[in-house]
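All remarks here apply to the structure that follows.
Lettering follows sequence order; numbering is per chain, from 1.
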Protein chains: 2
Amino acid sequence: MKIVLLGSGNVATHLAKALKAKGEDVVQVYSPNLNNAKLLADLIAAEAVDDLNEVKQHADLYIISVKDDAIETIAKSLKNVSGLVVHTSGTTDINILSSAVKKAGVFYPLQTFSKGKEVSFENIPLCIEANDESQLTILNNLAIKISRQVYQLGGEKRKVLHLAAVFACNFPNHLYALANKILSQNDLDFEIIRPLIAETADKVMGNLPENVQTGPAVRADESTLNKHLSMLTDMPELQNIYQTLSDSIKLTLK
Amino acid sequence: MKIVLLGSGNVATHLAKALKAKGEDVVQVYSPNLNNAKLLADLIAAEAVDDLNEVKQHADLYIISVKDDAIETIAKSLKNVSGLVVHTSGTTDINILSSAVKKAGVFYPLQTFSKGKEVSFENIPLCIEANDESQLTILNNLAIKISRQVYQLGGEKRKVLHLAAVFACNFPNHLYALANKILSQNDLDFEIIRPLIAETADKVMGNLPENVQTGPAVRADESTLNKHLSMLTDMPELQNIYQTLSDSIKLTLK
């Protein structure tokens, strides 16, 4: 299968490496920034282009992996291709593609990607969708080559998943950052709290989080809650977050 | 060293097993509930008692590992012992002990403990404090036997650490629970999101969280933020949390 990748960000990079590692033929990488296109293309021995008019018209699969608001423009530039065109977005409807091209699909990896941090694609859930059964089969066959967890999900469920991912990933990471803010203001190193973060995540690998909640709020320990709130007097933003989340934990007790 | 353990909860249980595994002699377990005392005492071949008057008076170390508001009563019952008396609380001042007993200290493991989930004590940061140097040395010698990360911290820094731990552990776990609430209302299994949770925590083992933040808020992607907020219209509590945390992430961009 000849694949063209449109995009050169974190998702595009990790996906390209995973496809290449499984022997897929990524023939071309497009980015409006030629340097970025080359950086990624060189990694996987593909051609780099920065002009949508130069995109090969006879590939089997076009993967659009760019910011959500740039998907539509790229899709429209592919209106004459006969291959399957997919995007990798959690929130974008498949219709944005199917109104522009014949064969449309979604190939959404549910993971957080950062430059310089390798991830094993095998353990990344892949959510796929297509506008007809034969294309879904093609996508499924590709997905199961690179991931052990493949889910066929409609757009509504994919959007729910993306929302849940913000709660399970983006918000916890920000709370780690707030913890580090508190620590560093008191000359304490983030290192001291890393084992706690690792164990907190590890605990929900075999349990549901609502069954393993710990801390002062779930104990309704008002004395500790009040001490903590008063320690945050000079950081009203953190005090507000502390109050909001503690109230939410206490609601689960009712 | 002969050790008496006062308490039979999660911290007491994990600590008792770690001490026993390193050959320490835990001779007695006290709990106001004799069954609870026996459950733990049987695990480590100790005596179980449910009456503070029966607590041995000639041990070397007394570890009080109970709810914060029960520490003082137990400390007062130990006023005649000559051994070192410590508590395991993150928020309680050492003075609550030193006003009751001669030799006082703190032995605070910075970790989240749940029944039925084993943890390796070696990787748990232990924060210690004592009201004199010789007792601090004794505590340090014990601590380094069971943990590779031992910190000598005054009470103020320990309280800061405990506050940071709420942000790094209790709040993220609650956010996992809210993610599961969103998923289960849409017939999606928590399993699908576990790899994302694991990777989010793993990413900050070698990075600072503020350097690896992802998601719509840090991209200032108002379109996705608004879509997510509208999906939460029927869950105003979650909508409020989404808004509060997204606003806080956006503040870091300024």
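Of the listed residues (P195(A), P125(A), A201(A), G215(A)), the greatest number of heavy-atom pairs within a distance under 4.5 Å of chain B belongs to P195(A). Top candidate by heavy-atom pairs under 4.5 Å with chain B, chosen from V212(A), L153(A), N211(A), is V212(A). For the options L238(A), N240(A), D221(A), T244(A), heavy-atom pairs under 4.5 Å to chain B are most numerous at L238(A). Contact count versus chain B (heavy atoms, under 4.5 Å) is highest, among L208(A), D247(A), N123(A), T92(A), for L208(A).
Applying a 4.5 Å heavy-atom cutoff, none of the residues of residues 6-22 of chain A approach chain B. For residues 64-73 of chain A, the interface with chain B (any heavy-atom pair closer than 4.5 Å) comprises D68(A), sorted by residue number.
Considering NE2 of H162(A) and CE of M231(B), their distance stands at 9.5 Å, rounded to 0.5 Å. Rounding to the nearest 0.5 angstrom, the gap separating the CD1 atom in I124(A) from the CG atom in L196(B) is 9.5 Å. Rounding to the nearest 0.5 angstrom, the gap separating the CG atom in L161(B) from the CD1 atom in I192(A) is 4.5 Å. Separation of atoms CD1 (I249(B)) and NE2 (H174(A)) is listed at 5.0 Å; rounding is to 0.5 Å. Summarising the geometry, atom CG belonging to L175(A) is positioned 8.0 Å from atom OG belonging to S248(B); distances are rounded to the nearest 0.5 Å.
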Verdict with reasoning, Q213(B) to N170(A), per side chain to side chain donor-acceptor pair (under 3.5 Å): CA-CA 7 Å; Q213(B) 183 68 47; N170(A) 307 146; 5.6 Å; no
Where do F171(A) and F171(B) land on the ring pair (Phe, Tyr, Trp, His ring centres under 6.0 Å) test, with the steps shown first? CA-CA 9 Å; F171(A) 290 163; F171(B) 290 164; over 10 Å; no
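At distances below 3.5 Å, at least one donor-acceptor pair connects side-chain atoms of K157(A) with backbone N or O atoms of N186(B).
Proximity to chain B (any heavy atom under 4.5 Å) is shown, for I193(A), by both the backbone and the side chain. With a 4.5 angstrom heavy-atom cutoff, T252(A) touches chain B only via side-chain atoms. Contact annotation for T214(A): both backbone and side-chain heavy atoms come within less than 4.5 Å of a heavy atom of chain B.
Note on residues 190-209 of chain A: pairs passing side-chain hydrogen bond (donor to acceptor under 3.5 Å, both in side chains), not counting sequence neighbours, are E191(A)-R194(A), E199(A)-K117(B), D202(A)-K117(B), K203(A)-T112(B), K203(A)-S114(B).
Between Y176(B) and F167(A), the distance separating the two ring centers is not shorter than 6.0 angstrom.
Residues satisfying the side chain to side chain donor-acceptor pair (under 3.5 Å) test with E222(A), not counting sequence neighbours, are K250(A).
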